[in-house]
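Read through the structure below, which is laid out as structure tokens, and then see the notes.
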Amino acid sequence: MNAEPQLSSGVAVPTGAAAGSRRKRSLQTRRSRSAWLLVAPTLILLAGVAGWPLLRTIFYSFTDALLDAPHEYAFVGLANYLDFADGEAFGVLADPVWWRSVRNTLWFTFISVSLELGFGLALALLMNQKFRGQGLVRTAILVPWAIPTIVTAKMFGWMFHDQYGTVNDLLMRAGIIDGPLAWIAEPGLSMWAVVIADVWKTVPFMALMLLAALQMVPSDLYEAARVDGASAWQRFRRITLPLIFPAMIVALIFRTMDALRVFDLIYVLTSNSEATISISGYARDQMVAYQEMGVGSAASVLVFMMVAGVAAVFLSIGRMSEPKESQS
Amino acid sequence: MKLTRKQRHIGSQIWIYAASALAVLICVFPLYYAILTSLRTGQDLFLPNYLPTTFHWDNYVTSLVQNGVGRSLLNSVVVATVTVGACLLVSISGAFALARIRFRGQKAILFTVLCVSMFPQVAVLSGMFELVRFLGLYDSLGALVLSYATFSLPFTIWVLTTFMRNIPVELEEAAIVDGASLWVIITRVFAPILGPALVTTGLLAFIGAWNEFMFALTFVLSTENRTVPVAIALLQGASQYELPWGAIMAASVTVTLPIIVLVLIFQKRIVGGLTAGAVKG
């Protein structure tokens with residue numbers, strides 16, 4: 001699948017063998033030298049807009065800078081992270097709201113990504129069937145994906161409205177609840193409102209990824225299994241699942257990384273309430289709302305380390321499972 | 001009771017159609033309801049009703065003109081277009097090198113690009129704030145173009161690299177035999193074939209830039225420079241305690257419909273582009 005059409009292996013210049021190999025080598029050297037020239041603009045720009053700001057964020061996390069005067073700062077060491085004075089702990093790591101946001105983010109990520117995987121797989125299996133109106137389903141599921149997150153947040157904010165929202169109205173008509181629920185204000189419910197909105201918006205992405213993988217499963221495998229008398233569940237468990245597993249892992253990584261940095265949905269849907277605030281939201285609050293650039297940067301660095309840590313875990317799992325896949 | 005083959009077939013068809021209908025309903029309902037709400041005014045707004053009742057366009061006028069969402073639409077178009085154009089321009093040559101030439105450090109660069117595309121935005125927020133201030137771009141659209149490159153550029157490079165890998169090697173060989181330089185290969189051979197890939201990549205990057213919220217909220221203060229997501233998020237009514245749901249939904253529908261139309265037109269390509277970046281990665 002990953003056939004890289006490189007020019008390195010004997011196909012480059014069809015001339016005499018000896019002269020050809022010399023020309024080929026010089027062509028290769030020339031090409032690889034210009035390669036750096038070609039990637040240079042990209043690398044410089046990336047260093048400027050990503051590398052440098054990241055370094056400055058790390059730098060500011062050791063200072064007491066304020067947002068309106070970032071140039072007047074003093075080094076405070078690790079005080080923004082954790083500091084002890086008069087037997088009391090200060091800093092981000094001593095802030096219960098920070099730990100609350102960590103719990104919120106992890107819970108949000110785990111629940112919504114699991115739900116997305118389940119619904120996404122179901123939807124992908126459905127779309128992989130042949131039936132009339134298939135095109136309609138494929139088109140319809142692009143709608144949630146295309147809607148801007150802020151609009152999603154506002155739409156669900158309106159549907160979850162405690163007095164006039166449709167969700168309460170429908171649930172009451174169906175007799176599931178007796179009175180209206182305060183989906184947004186009630187701490188126990190507000191995170192569910194966020195999760196539902198997020199799942200609605202991102203299941204299409206998951207489903208499309210998994211559908212692409214499903215369509216690459218050769219159909220004669222199913223034929224053979226059917227001839228051998230395998231049940232539908234056995235066919236799914238023994239053929240489909242192992243073959244789409246790599247794509248599933250990739251989709252899971254994408255979604256997990258995305259969920260861990262969630263900000264906009266929560267900021268708009270529940271106004272960053274303490275029951276739902278994410279780590280990104282916490283860091284931005286410190287920085288912008290309280291103008292504490294140093295503390296905000298420290299929190300940002302912690303967010304970065306957390307996301308990088310999760311990514312590293314995923315990568316090492318991917319590495320471990322790789323040799324097995326290439327054997328089978 | 002043993003079902004015949006035909007009965008089983010009909011049974012599974014019923015399941016498929018029921019599940020499809022439910023999926024379509026769930027996907028489309030929130031937008032449908034937003035459209036209904038946007039066409040209602042006064043008391044009508046606050047009575048849950050699932051069929052169109054009234055057709056008032058007042059909300060659209062209010063949100064677009066009075067609340068300045070019209071202006072924000074223009075800002076969003078400008079910011080997203082400039083960002084995507086610049087990123088595509090830079091990444092064509094970069095992606096060519098990464099996809100078609102084997103050189104030392106290639107894997108490391110690709111890995112870095114992938115890592116940057118997964119950056120939590122907040123990690124560069126304070127550094128970017130300083131940079132934006134230093135360049136005198138604070139509270140201007142330039143700040144957004146600059147900061148959007150953080151996530152747009154890695155994305156365009158990554159997707160374009162995947163696309164370029166799939167271009168048959170014979171084309172390039174023929175050009176090399178004809179003595180074409182790398183530059184000629186890129187501009188004369190690759191750029192024309194890449195047309196569709198550029199459209200797909202550009203469209204996906206455009207949607208990403210169009211939807212961005214955190215940078216837009218942080219680096220722009222004045223109402224007239226707001227992008228659409230910020231304008232909608234901060235839309236205020238006459239009083240602080242009453243949200244103008246009609247106007248909010250009208251603005252939401254206005255900014256969503258163009259994107260949905262684009263997505264539906266380019267449906268096949270978008271699905272291809274979305275999965276190309278991931279399945280091959």
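These values consider heavy atoms only, across backbone and side chains, with no hydrogens, waters or symmetry-generated copies. Proteins come first, then strands; the chains are lettered A, B, ... in the order of their sequence lines, and each starts at number 1.
With a 4.5 Å cut-off on non-hydrogen atoms, A:F131 touches chain B through its backbone and its side chain both. For a residue to count as touching a neighbouring chain, one of its non-hydrogen atoms must lie under 4.5 Å from one of that chain's; by this rule B:I109 touches chain A with the side chain only. Only the backbone of B:S117 comes within less than 4.5 Å of a heavy atom of chain A; no side-chain atom from C-beta onward does. At a 4.5 Å heavy-atom cutoff, the contact between A:W158 and chain B is made by backbone and side-chain atoms alike. Interface remark: A:L125 contributes no atoms to any contact with chain B (heavy atom separation under 4.5 Å). At a 4.5 Å heavy-atom cutoff, the contact between B:A34 and chain A is made by side-chain atoms alone. Proximity to chain A (any heavy atom under 4.5 Å) is shown, for B:L146, by both the backbone and the side chain. Heavy-atom distances place both the backbone and the side chain of B:I232 under 4.5 Å from chain A. Heavy atoms of B:F134 lying under 4.5 Å from chain A are absent altogether. Contacts of B:L31 with chain A are made by both backbone and side-chain atoms, with heavy-atom separations under 4.5 Å. If you measure heavy-atom distances from A:V301 to chain B, you find no contacts under 4.5 Å at all. Heavy-atom distances place no part of B:L25 under 4.5 Å from chain A, backbone and side chain included. For chain A, the nearby part of B:M249 is the side chain; its heavy atoms alone come within less than 4.5 Å. For chain A, the nearby part of B:F129 is the side chain; its heavy atoms alone come within less than 4.5 Å. In this structure, chain A has a heavy atom under 4.5 Å from the backbone of B:R104, while its side chain stays farther away. Looking at A:L170, the atoms closer than 4.5 Å to chain B (heavy atoms on both sides) sit in the backbone and in the side chain alike. Only the side chain of A:L126 comes within contact range of chain B, with heavy atoms under 4.5 Å apart. Residue B:L204 touches chain A through its side chain alone, counting heavy-atom pairs closer than 4.5 Å. Contacts of B:L262 with chain A are absent, with no heavy-atom separation under 4.5 Å from either backbone or side chain.
By number of non-hydrogen pairs under 4.5 angstrom with chain B, the leading residue of A:R132, A:M306, A:K201 is A:R132. With chain A as partner, the option from B:W183, B:F151, B:Y50 having the largest number of non-hydrogen pairs under 4.5 angstrom is B:Y50. Looking only at heavy-atom pairs under 4.5 Å with chain B, the residue among A:G133, A:A146, A:P148 that has the most is A:P148. Between chain B and the residues A:W36, A:F59, A:F119, the largest count of heavy-atom pairs under 4.5 Å involves A:W36. Contact tally against chain A (heavy-atom pairs below 4.5 Å) for B:V253, B:T37, B:I207: the top residue is B:T37. In terms of heavy-atom pairs under 4.5 Å with chain B, the best-connected choice from A:V262, A:V39, A:T166, A:D258 is A:T166. The most heavy-atom pairs under 4.5 Å with chain B, out of A:P41, A:S280, A:A308, come from A:S280. Note on B:T218, B:V228, B:V28, B:I16: by heavy-atom pairs under 4.5 Å with chain A, the leading option is B:I16. Interface summary for chain B: among A:M159, A:R284, A:M257, A:M293, the most heavy-atom pairs under 4.5 angstrom belong to A:R284. Here B:V263 is the residue among B:V263, B:V116, B:L234 with the most heavy-atom pairs under 4.5 Å with chain A. Options B:L131, B:L217, B:I186 differ in how many heavy-atom pairs under 4.5 Å they form with chain A, and the most are formed by B:L217. Interface check for chain A: of the options B:T150, B:T112, B:I157, the most heavy-atom pairs under 4.5 Å are formed by B:T150.
Using a 4.5 Å heavy-atom threshold, the side chains of B:I101 and A:L38 count as touching. Counting heavy atoms from C-beta on, the side chains of A:M287 and B:V122 never come closer than 4.5 Å. A 4.5 Å side-chain heavy-atom check between A:Y60 and B:E130 finds at least one atom pair inside the cut-off. Put simply, the side chain of B:L125 does not reach to within 4.5 Å of the side chain of A:T57, judged on heavy atoms.
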Evaluation steps, side chain to side chain contact (heavy atoms under 4.5 Å, CB included), between A:M155 and B:Y33:
CA-CA 8 Å; A:M155 283 187 332; B:Y33 196 67; over 6 Å; no
Would you check, one step at a time, whether the test side chain to side chain contact (heavy atoms under 4.5 Å, CB included) holds for B:I270 with A:W145?
CA-CA 11 Å; B:I270 285 186; A:W145 175 82; 3.8 Å; yes
Determine, stepwise, if the pair B:F119 / A:L54 fulfils side chain to side chain contact (heavy atoms under 4.5 Å, CB included).
CA-CA 10 Å; B:F119 257 25; A:L54 179 66; 3.5 Å; yes
Apply side chain to side chain contact (heavy atoms under 4.5 Å, CB included) to residues B:V255 and A:V151 and explain how you reach the verdict.
CA-CA 8 Å; B:V255 307; A:V151 173; 3.7 Å; yes
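Put simply, CD1 on A:I147 and SG on B:C27 are 9.5 Å apart, with the number rounded to the nearest 0.5 Å. Atom OG1 of residue B:T256 and atom CD1 of residue A:I150 lie 11.0 Å apart, to the nearest 0.5 angstrom. Once rounded to the nearest 0.5 Å, the distance linking CD of A:Q129 with OG of B:S12 reads 7.5 Å. The distance from atom CD1 of B:I260 to atom OG1 of A:T139, rounded to the nearest 0.5 Å, is 11.0 Å.
Side-chain contact annotation: A:R56 with B:S126, donor-acceptor N/O pair under 3.5 Å absent.
Under the salt bridge (Lys or Arg N to Asp or Glu O under 4.0 Å) criterion, B:R226 pairs with no residue, sequence neighbours left out.
Just one of A:D264, A:T149, A:L265 meets the side chain to side chain contact (heavy atoms under 4.5 Å, CB included) condition when paired with B:F213; it is A:D264.
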